[in-house]
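Read the structure below first, then the notes.
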Amino acid sequence: MQDYYPFQEVEKKWLAEWEDSNLHKTGVDPEKENYYVLEMFPYPSGNLHMGHVRVYSIGDVIARYKRMKGYNVLHPMGWDSFGLPAENAAIKNGNIHPKEWTWDNIANMKKQMQALGLSYDWDREVTTAAEDYYKWTQWFFVQMFKNKLAYKKESTVNWCPSCETVLANEQVVNGACERCGTEVDQRDLEQWFFKITDYAERLLDDHQLLENWPEKVKIMQKNWIGRSEGARVTFQVPDLEKELEVFTTRPDTLFGATYMVLAPEHPYVAELTAGTEKEAEVAEFVKKARKQKEMERTSADSEKLGLFTGAYAVNPVNGEKIPIYIANYVLMSYGTGAIMAVPAHDQRDFDFARKYGIEIKAVIQPEDQEQELQGAEMETAYSGSGKLINSGKYNGLNVKEAFQAMTADFSEAGFVKVETNYRLRDWLISRQRYWGAPIPIVYCKKCGTVAVPEEELPVELPHDVEFSPTGESPLKKVESFVNTTCPHCGGPATRETDTMDTFVDSSWYFMRYADANNESSPFAKDKVDNWFPVDQYIGGIEHAILHLLYARFFTKVVHDMGMTDAIEPFTNWLAQGMVLKDGAKMSKSKGNVVDPKEILAQYGADTARLFILFAAPPEKDLEWSDQGVEGAERFLNRVWRFVTENLEIIKTAPAELNQAEFDQPAQKLYRTLHASIKKVTEDISERLNFNTAISAIMELTNEVYSYLNQRSKADTNQALIKEVAEKMILLLSPFAPFITEELWHILAYQNSIHTQQWPDFDPQALQKDELTIVIQINGKVRDKITVPADISEEEVKAKVMAAEKIKSYLAEGKLVKTIYIPGKLVNLVVK
RNA sequence: GCGAAAGUGGCGGAAUUGGCAGACGCGCUAGAUUUAGGAUCUAGUGGGUAAUCCCCGUGUGGGUUCGAGUCCCACCUUUCGCACCA
């Protein structure tokens, strides 16, 4: 037998055998519990990168471990296969159709995944760009349209000039396109939206169900949803004979409102100034503000600019006339697009009031200050708690009490309504692109906007289209697609030519896996609920808001439709870290890319997997190291040699392990074996810390080598060596599926190692009959003694006092205290 | 500015409940084996030191405790997220 692991032959052999025997088919044994482990499916860009290798290796360890633990395991894979790169490839090179490009890439990446030994059930493969999938994406759209959760409206939207399409708010990062980094414009367009805001409250509240989600992600989502409780207050504008509504979180400061501000886009702006001397000046200001980039305008440190409109509103609490301004710091997209300004207690209003010489009126007195707060003398706004002043009959109440009393009284009076506001906007799902699921809507002159009937789905994406180099969607020009008949009246009609955001596709794929080949519905309820929700989801933190929020929203919609019992899609979520090289994310431009293909060719799949799982815990970033890979290879060869070089011993070993005949070294090895089983089991199942699990197997390997080195073949405990060999490769099998399968068969077993039971540890084996007690003097380790495990406290203390070294320390002072931690340590306090 | 996480040998990392800091791996040193190299095996490897004694040591400074990498306070650095949301 070779003295190194011949990975090429072995991998080839087992890949074929596993496929033939359908080894990775999802288990459906009714006696077993179900477990659903899922990694985020990839965009089929063409090749796997190291980040993929990492996330899929992590998921594969969990899947394999759970199978061995006796679960039915659903571990599927698919392709998030609609999206721009396919279309860009077609535009760049007219010969390749996006479909062809995508399908080629899928075939290639699938092969790479298989080569890595990932145990997916490919019978459940899901491809979002395939008709049998997007048919159901469209079906969901139709249901949402019927339930008024999908609607069309004109609004100011984010436009990426490079991608030639609109973007959802979530896809704009620091004013730039999340995909390509181009700065986005604002455009007024009619677009389709999903009413995710209806679910804001539930998306927020149900975070409490996600106990094992990273706190960080919940906070990010919480900030994004941005719930704030306050009140809607109505001000009268006598000049216009109109009412002006504002949202405020501080109705308790109403007496301190000294001016109002409208967003430049506010519809009242033109009306208020029409025909006045301010008209031209205001129009000019509005134009300028609208041209200001979103980024600059919403940045906290950009200058607050404003202009008096010449009009006044009446403060309903005291009848005071207060001026109405327009200013760039008020946004049309939040609240009502208008605010009441309380400069004494809001820093933004304070800055603005100072700049434009507006009165600052204090209405909250800080508790720790005796002198009454004077607005004119304030240096900064005071936003803390305190007692009300200058507020009529509410004087003396604290902020909380005032909030209660005033909202109650003023609600009765009719100008205040308690209200909760959200920062979250509805999800803009239209995209002006070709390679996506067409929005199944028809426009009829007579019947208006009509959903395509379910039985006519899918609305197929026409194949023969021309890609314009400007990137404009080719669908508009395909007459056979655009022109259709109204499903309602049969008259001539036109189709919607926008396609759906690809995040719609990925918002329900995890349910489809449970019933991937269903032709009559997206999935049957019983099949979904058999597996769903996902027990363990794994993916990149970059989806903390986008995909994860949309998927949660969709799950709740599907739940409300009665199609699943689940209300949250992912019970546990692991955010895996990035793979770095030389301290930076791998990227072509930096030239620090390590190609998985080359690593696989040089070292094989097991070594690649083992290194990437060993080098760092899964949630941390991982620094790639070529030498580290060699270390992983070295370890696998050590395991290989241990088994193959001791085959004779193992094969002729007696079947029964007789602990009674263990000598000391054997006892020690046996204990290490069971300690390793315990450690590996807990590290995989409780902590997902594969790095320390692997190190425990390495320790076991070191221990068995040192045992074998100590003695001649004749007095080796054969049964023990056999036991160690078998358990060791069982422990290693989720990490390194090929070498362990080969060794398992070399040990003359017929069945696959991956269908074996996970080894249990024997708690008795971990019991030591001798313990090492650490002796400290004033907290510093000075000596150690070995004592029998069943020793009493008195006996330990006596032994400690008798220790030679300790005596000399005791001679130097007076013993004032003795602390004994059973089985571990004695600390003597000497003064 | 606000919020969160992190900071441990030459490097990646471990220490799970406040109880022997540095497991495991890389690298390095010495030796064995080899014609030689590679591979492999053995021993060593936080700093100071002749030393197995001793002293110092987990970003910095303080504190709590018999005992602190771990808990508390302040600060520094790095990373991430948020940043006129009324």
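Letters A, B, ... mirror the listed sequences (proteins, then strands); counts begin at 1.
We find the CD-CD distance between A:Gln576 and A:Glu619 to be 10.5 Å, quoted to the nearest 0.5 Å.
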How does protein contact run along nucleotides 25-36 of chain B, one letter per nucleotide 5' to 3', with B for base contact, S for sugar-phosphate only, - for none, heavy atoms under 4.0 Å? SSS---------
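One C1' atom belongs to B:G27, the other to B:A74, and the distance between them is 39 Å to the nearest Å. Comparing B:A15 with B:U8, their C1' atoms are spaced 10 Å from each other, to the whole Å. Comparing the same atom, C1', in B:U78 and in B:U40 gives a spacing of 42 Å after rounding to whole Å. Taking the P atoms as reference points, B:C26 lies 37 Å from B:U77, given to the whole Å. Nucleotides B:U58 and B:A50, compared at atom C1', are 29 Å apart to the nearest Å. With C1' as the reference atom, B:U79 and B:C24 are 26 Å apart, rounded to whole Å. Atom P of B:A39 sits at a distance of 23 Å from the matching atom of B:U45, rounded to the whole Å.
Counting only heavy atoms from C-beta on, A:Lys780 has its side chain closest to B:C56 among B:A83, B:C56, B:C55. The side chain of A:Leu825 sits closest to B:G19 out of B:C66, B:A86, B:G19. Across B:A23, B:A86, B:C20, the shortest atom-to-atom separation from the side chain of A:Ile339 is found for B:A86. Of the listed nucleotides (B:C66, B:G19, B:A86), B:C66 has the atom at the smallest distance from the side chain of A:Val829. When each of B:G19, B:C20, B:A15 is scored by its nearest atom to the side-chain atoms of A:Arg687, the top-ranked nucleotide is B:A15. Here the nucleotide nearest the side chain of A:Lys216, chosen from B:C80, B:G19, B:A23, is B:C80. Ranking B:C66, B:U42, B:A86 by closeness to the A:Asn709 side chain, first place goes to B:U42.
A cation-pi contact, defined as under 6.0 Å to the ring centre and within 45° of the axis, links A:Arg638 to A:Tyr705.
Scanning atom types as modelled, no donor and acceptor separated by under 3.5 angstrom connect the side chain of A:Asn223 and the base of B:C82.
Atom CD1 of A:Ile821 is separated from atom P of B:U17 by 16 Å (rounded to the nearest Å). Spacing between atom CG of A:Asn328 and atom P of B:A86 amounts to 18 Å, rounded to whole angstrom units. For A:Asn778 and B:U65, the CG to C1' distance is 13 Å, given to the nearest whole Å. Taking atom OH on A:Tyr705 and atom P on B:C41, their separation rounds to 6 Å, with Å as the unit. Between A:Lys218 atom NZ and B:C82 atom P there is a gap of 19 Å when expressed in whole angstrom units. The CD atom of A:Glu633 sits 16 Å away from the P atom of B:G38 (whole-angstrom rounding). In this structure, the NZ atom of A:Lys620 is 16 Å from the P atom of B:U79, given to the nearest Å.
Between B:C55 and A:Arg782, a contact under 4.0 Å exists linking OP1 or OP2 to a side-chain N or O. In this structure, A:Arg423 does not reach the B:A86 phosphate: none of its side-chain N or O atoms is under 4.0 Å from OP1 or OP2. Contact annotation: A:Lys817 side-chain N/O to B:C66 OP1/OP2 distance is under 4.0 Å.
Residue-level contact check: A:Ile219 touches neither bases nor backbone, having no heavy atom under 4.0 Å from any strand. In this structure, A:Asn421 reaches neither bases nor backbone, as no heavy-atom distance under 4.0 Å exists between it and the strands shown. At the heavy-atom level, A:Thr818 lies nowhere under 4.0 Å from the strands shown. Residue contacts for A:Asp346: at a heavy-atom cut-off of 4.0 Å it reaches no nucleic acid atom on any strand shown.
With RNA chain B read from its 5' end, the first of the two nearest nucleotides for A:Tyr809 and A:Glu682 is the one closest to A:Glu682. Judged by closest nucleotide on RNA chain B, A:Glu699 is the one of A:Glu699 and A:Trp224 placed further toward the 5' end.
Tested against A:His207, the residues A:Gln221, A:Glu215, A:Lys218 include a single side chain to side chain donor-acceptor pair (under 3.5 Å) partner, A:Gln221. When each of A:Gln347, A:Lys355, A:Arg354 is tested with A:Asp351 by the rule side chain to side chain donor-acceptor pair (under 3.5 Å), just one qualifies, namely A:Gln347.
Remark: the A:Asn646 side chain and the A:Arg641 side chain contain no N/O donor-acceptor pair separated by less than 3.5 Å. No hydrogens or angles considered: nothing links the side chains of A:Thr644 and A:Tyr5 as a donor-acceptor pair under 3.5 Å. No side-chain N or O of A:Trp427 forms a donor-acceptor pair with one of A:Glu170 less than 3.5 Å apart.
Between A:Val261 and A:Tyr329 the shortest side-chain heavy-atom distance falls below 4.5 Å.
Two rings, from A:Tyr325 and A:Phe352, have their centers less than 6.0 Å apart.
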